[in-house]
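None of the values given here were measured: they were computed from a predicted structure. A note on names: the letters A, B, ... follow the listed sequences, proteins ahead of strands, and every chain is numbered from 1.
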Number of protein chains: 2
Amino acid sequence: MQPAVEVSENALTERQKDVLDAALTLLVEAGDTLTMTSVARRASCSKESLYKWFGDRDGLLTATVQWQAAKVRGVPVDPEAFSLTSLTSGLERFASDWLRVLSGTISVALNRVAVGHAGSDKHDLGAIVLENGPFAMARRLKPLLQLGRDTGLMSFDDTDEAFRTFFGLVVRDVQIRLLLGDRFELTEAAINRDARRATQQFLALYGVHTKAADDGH
Amino acid sequence: MQPAVEVSENALTERQKDVLDAALTLLVEAGDTLTMTSVARRASCSKESLYKWFGDRDGLLTATVQWQAAKVRGVPVDPEAFSLTSLTSGLERFASDWLRVLSGTISVALNRVAVGHAGSDKHDLGAIVLENGPFAMARRLKPLLQLGRDTGLMSFDDTDEAFRTFFGLVVRDVQIRLLLGDRFELTEAAINRDARRATQQFLALYGVHTKAADDGH
DNA sequence: GCCGTACCGTACCGTACGTTACGGCAGGGT
DNA sequence: ACCCTGCCGTAACGTACGGTACGGTACGGC
């Protein structure tokens, strides 16, 4: 028996992408209780094809998580004409984007199954989500932070520490509450307000003050 | 058939407590894959007793979570002879205690199963963990925060917002990374260092400065 | 001594679901 | 026209596990 689609093998046919999208919506609806039969029915494909393409249930889940992760790329920052204003707006934009993704039903569902399977997996969904979640965020934000430090707008020793503080100020208890099933009103206005507040707090802690930045609540 | 032990019925015999402790260790070892049979074998009791005492598998999990929650009570703060020093040490002590609990294997295991079951439960483990986790922390910390404000050491409009900021500064990405299975070195020294840093940052944001509090990394 | 209660150990049942196997159909190459 | 490949739909298999039933033992009350 062939080991089916390898993780490194990213050649997905359109048909397979459709199947993974169906699996995603089922994951949102039913969580980890989705069955191979339900995926096959929803995607109008045979279970035989599922097993041929993805090996087993775990492989299907892994491919689904990776398929979603592949869709959330992009949005780097431009290191042109840098100022306190562009640093601030960059941080705010980053924070609001992040909160929007984080509070989305797909992100919540994916993190749920990854947390449930963490550690005891052959493919280890937890590591995949970790890699495409917090770690990817760190990689995307750090250039902006270092640019801010190099231009003398911020001051910190350890970029990673600074990132993790920003993480805390942005996410706070939102993610864990959502994962635990707390019904959460997170309107567009609230997201933007939180992004501004987190940015102001972050600059108050790490920014080089010419004039004292006041708190913004 | 009787509805077995009600949630409000907290009268647990010693035998039942032993069983719940066995279930706890199994939860740490095997996560949500623990079976009724494995609990019975580990606790040297019959499955019949499990079902008589706890109704069904969900009831056993619920009782286990509540049993653990009941063990983590206490440590209120004393509103005597209050000063910046006692506020600082109170916040630090709270933060380090919290990080210690959060990073413990039991907490991680419990949060894992609760996240896995969130929303689609009759007993809703998510709500229970939420209630005994973040919400209980908020209830325990808020008196200290308000005391700090009333004595003019801190300034903020919304106690809940202040708490959530403290939450973010303390927990940062630690919890989600642990839940996703990231191997994490969290030594006693690191915990104390993080607690100090979070406290200093929190006071820098919300404290009333007589002398500028510097960051502490 | 006899009964009732509480419990252990284990065998058993029903079912859900992962996984496999098979029959049928459509399209493309020869 | 024939075959081969890829896929759908469905039936079937195997098993793990939640839940139940039952026999056996210890103990306290009478």
ask   = When the distance from CG of Asp58(B) to P of dC17(D) is rounded to whole Å, what number comes out?
value = 17 Å

request  = Give the rounded distance in Å between these two atoms: CG of Leu60(B) and P of dG19(D).
outcome  = 10 Å

request  = Send over the distance from Met36(A) CE to dG14(D) C1', rounded to a whole Å.
outcome  = 16 Å

query = About how many Å separate CG of Leu141(A) and CH2 of Trp98(A), when rounded to the nearest 0.5 Å?
reply = 7.5 Å

inquiry  = Under a plain distance cut-off of 3.5 Å, with no hydrogens placed, do Arg197(B) and Gln201(B) share a side-chain donor-acceptor pair?
reply    = yes

key: Set of residues satisfying salt bridge (charged side-chain N to carboxylate O under 4.0 Å, His left out) with respect to Arg112(A), sequence neighbours excluded   = none

Residues that Glu185(A) engages under side-chain hydrogen bond (donor to acceptor under 3.5 Å, both in side chains), provided they are two or more places apart = none

remark   = Rounded to 10°, the helix from dG1(C)-dC30(D) to dT30(C)-dA1(D) deviates from straight, judged by its five-pair end axes, by 10°

query = Out of dC17(C), dG18(D), dT19(C), which nucleotide sits closest to the side chain of Tyr51(A)?
reply = dT19(C)

inquiry  = Just the rounded figure in Å: distance from P of dC17(D) to CZ of Arg41(B).
reply    = 10 Å

Pair up each side-chain donor or acceptor in residues 168-179 of chain B with any protein partner under 3.5 Å, not counting sequence neighbours, and list the distances.
unit_1, atom_1, unit_2, atom_2, d
Arg172(B), NH1, Glu161(A), OE1, 3.2
Arg172(B), NH2, Asp194(B), OD1, 3.4
Asp173(B), OD1, Arg164(A), NE, 2.9
Asp173(B), OD1, Arg164(A), NH2, 3.0
Asp173(B), OD2, Arg164(A), NE, 3.4
Asp173(B), OD2, Arg177(B), NH1, 3.2
Arg177(B), NE, Asp182(B), OD2, 2.9
Arg177(B), NH2, Asp182(B), OD2, 3.0

ask   = Taking 4.0 angstrom as the limit, do Arg139(A) and Glu131(A) come out as a salt bridge?
value = yes

note = Whether each nucleotide of nucleotides 8-13 of chain C has a protein heavy atom under 4.0 Å at its base (B), only at its sugar-phosphate (S) or at neither (-) is summarised, 5' to 3', as BB----

task = Using the test ring pair (Phe, Tyr, Trp, His ring centres under 6.0 Å), find all partners of Phe166(A) that sit at least two apart in sequence or belong to another chain.
result = Phe202(A)

inquiry  = Output the rounded distance in Å from CZ (Arg57(A)) to C1' (dT20(C)).
reply    = 17 Å

inquiry  = Rounded to whole Å, please give me the gap between CZ in Phe54(A) and C1' in dC7(D).
reply    = 14 Å

message = Between Arg149(A) (side chain only) and Asp157(A) (backbone N and O only), is there a donor and an acceptor less than 3.5 Å apart?
response = yes

